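Naming convention: chains lettered A, B, ... in sequence-line order (proteins, then strands); numbering from 1 in each chain. In this text the structure is predicted, and so the values were computed from the model without any measurement.
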2 protein chains.
Amino acid sequence: MTSTPPAPGAPTADALTVEVVELLGTVVARYHEEYEEAAGQHSLTGAQARVLALLSREPLPMRRIAQQLKCEPSNVTGIVDRLEGRGLVERRPSPEDRRVKLAAVTEQGRQTSARLRESLDFAREPLAGLTTTERTLLRYLLQRMLGLDAAPPAEHPEYAEHAEHP
Amino acid sequence: MTSTPPAPGAPTADALTVEVVELLGTVVARYHEEYEEAAGQHSLTGAQARVLALLSREPLPMRRIAQQLKCEPSNVTGIVDRLEGRGLVERRPSPEDRRVKLAAVTEQGRQTSARLRESLDFAREPLAGLTTTERTLLRYLLQRMLGLDAAPPAEHPEYAEHAEHP
DNA sequence: TATTGTTATACTCTATAACTATA
DNA sequence: TATAGTTATAGAGTATAACAATA
């Protein structure tokens with residue numbers, strides 16, 4: 001029951017941190033499973049679903065897609081090929097630079113993307129059990145984890161007592 | 001500035017929930033990037049690193065590995081083959097059932113696994129900015145998300161004011 | 001007959017390198 | 001010459017189906 005004192009200078013993580021990291025690992029795993037499953041229900045691979053979601057926001061040059069996917073540009077060719085082969089995406093020339101091709105969702109692609117977005121509502125299932133207060137708190141903690149320097153829900157946590165009505 | 005009223009009966013997620021889901025997505029993405037990168041530093045793929053981590057706890061029948069990875073057993077053959085080819089893992093016969101083969105880490109595999117575990121310390125980097133109180137809170141919220149029905153840090157959030165000394 | 005692990009096959013994603021057409 | 005996209009190639013993960021050894 002020793003309190004695992006943080007060894008000075010050592011990179012050792014304390015027990016609490018290790019626990020949180022493991023929980024994050026579990027959340028990450030579940031998130032991915034559900035994402036792949038939702039994509040599969042629309043006969044899409046994970047990568048295809050991600051590109052479709054990206055393009056449903058705005059048309060993008062192939063190069064930009066690669067940057068978003070953090071993969072080599074050559075790989076995007078095949079992924080977009082397959083989406084295009086199914087009529088979900090199309091390639092357009094860029095008006096500004098004749099070297100670039102813009103990938104854009106078709107109307108069918110837009111619909112598929114919308115249905116996909118619904119079916120991958122990690123929202124309800126995992127978050128349903130949390131109150132508004134807890135979700136607000138979780139948002140804050142995740143923002144801080146990501147270095148987004150967010151404003152705390154309130155100066156004092158008592159806020160939680162009265163925050164049920166957003 | 002309308003408050004996005006939850007449509008009755010509709011599965012629509014409110015704005016706060018959507019925000020939390022997107023943050024989770026970002027955390028998931030970063031977690032994966034770091035995991036793959038850490039694995040790559042040891043010339044391992046993500047799947048290989050996961051199997052190695054699994055086996056560093058205890059030897060496992062091939063079938064069990066597949067269950068943990070949520071993939072078909074036939075795929076495990078190749079992954080273990082590659083780990084075995086590098087001397088990180090070995091196959092042993094099961095004393096109980098001559099059909100099953102137990103995959104187990106070698107001494108070298110154990111060491112690689114340990115070094116891998118250190119280098120993928122998502123712990124410090126993302127969590128370093130959080131206080132003990134915040135980490136405790138985050139642990140609680142993640143546990144609730146996962147349906148682990150955890151005990152709250154305290155009945156009243158004021159606890160946070162005095163929780164700095166675990 | 002059922003189960004374990006494997007092999008064979010096909011598809012997708014991935015990185016690398018070379019090619020083309022533009023700039 | 002530099003850049004955008006593509007092609008070619010090879011390695012890895014994945015699912016499916018068929019197989020041998022064992023239960």
remark   = Taken to the nearest whole Å, CD/A/E96 to P/C/dT22 is 17 Å
task = Please state how far atom CD in B/Q48 lies from atom C1' in C/dT14, giving the value in whole angstrom units.
result = 13 Å
query = Under 3.5 Å, is there a donor-acceptor pair between the side chain of A/R144 and the main chain of B/E134?
reply = no
Listed pairs, N/O of protein and of nucleotides 6-8 of chain C, under 3.5 Å:
unit_1 : atom_1 : unit_2 : atom_2 : d
C/dT6  : OP1    : B/R91  : NE     : 2.8
C/dT6  : OP1    : B/R91  : NH2    : 3.1
C/dT6  : OP1    : B/K101 : NZ     : 3.4
C/dT6  : OP2    : B/T77  : OG1    : 3.1

inquiry  = Can you confirm whether the side chains of A/D14 and A/T17 place a donor and an acceptor under 3.5 Å from each other?
reply    = yes
query = Any donor and acceptor pair, going by atom type alone, linking the side chain of A/S113 with main-chain N or O of A/G109 inside 3.5 Å?
reply = no
ask   = Does any N or O in the side chain of B/R135 come within less than 3.5 Å of the main-chain N or O of B/L130, such that one atom is a donor and the other an acceptor?
value = yes
task = Let me know the distance between CD1 of A/I65 and P of D/dG5, rounded to the nearest Å.
result = 8 Å
task = Please report, rounded to the nearest Å, how far the P atom of C/dT14 is from the CD atom of B/E37.
result = 16 Å
message = Could you tell me how far apart B/E36 (CD) and C/dT14 (P) are, to the nearest whole angstrom?
response = 10 Å
inquiry  = Side chain of A/C71 only, heavy atoms from C-beta on: which candidate in D/dA4, C/dT12, C/dT14 is closest?
reply    = C/dT14
key: A/T45 or A/R99, whichever maps to the more 5' nucleotide of DNA chain C   = A/T45
Integer-rounded Å distance: D/dA12 P and B/R50 CZ = 15 Å
Salt-bridge contact B/E33-B/R30 (side-chain N to carboxylate O under 4.0 Å) = no
Base C/dT22 paired with A/R98 side chain (donor-acceptor, <3.5 Å) = no
inquiry  = By nearest atom, which of the nucleotides D/dG5, C/dT16, C/dT22 is closest to the A/E72 side chain?
reply    = C/dT16
message = More than 12 heavy atoms of other residues, nucleotides or ligands under 6.0 Å from CZ of B/R86: yes or no?
response = yes
ask   = Does B/H42 offer a backbone N or O that forms a donor-acceptor pair with the side chain of B/R115 under 3.5 Å?
value = no
request  = Calculate the interatomic distance between A/D97 atom CG and D/dG5 atom P; express it in whole Å.
outcome  = 8 Å
message = Taking the nucleotide of DNA chain D with the nearest heavy atom to each, does A/P61 or B/I79 sit closer to the 5' end?
response = A/P61
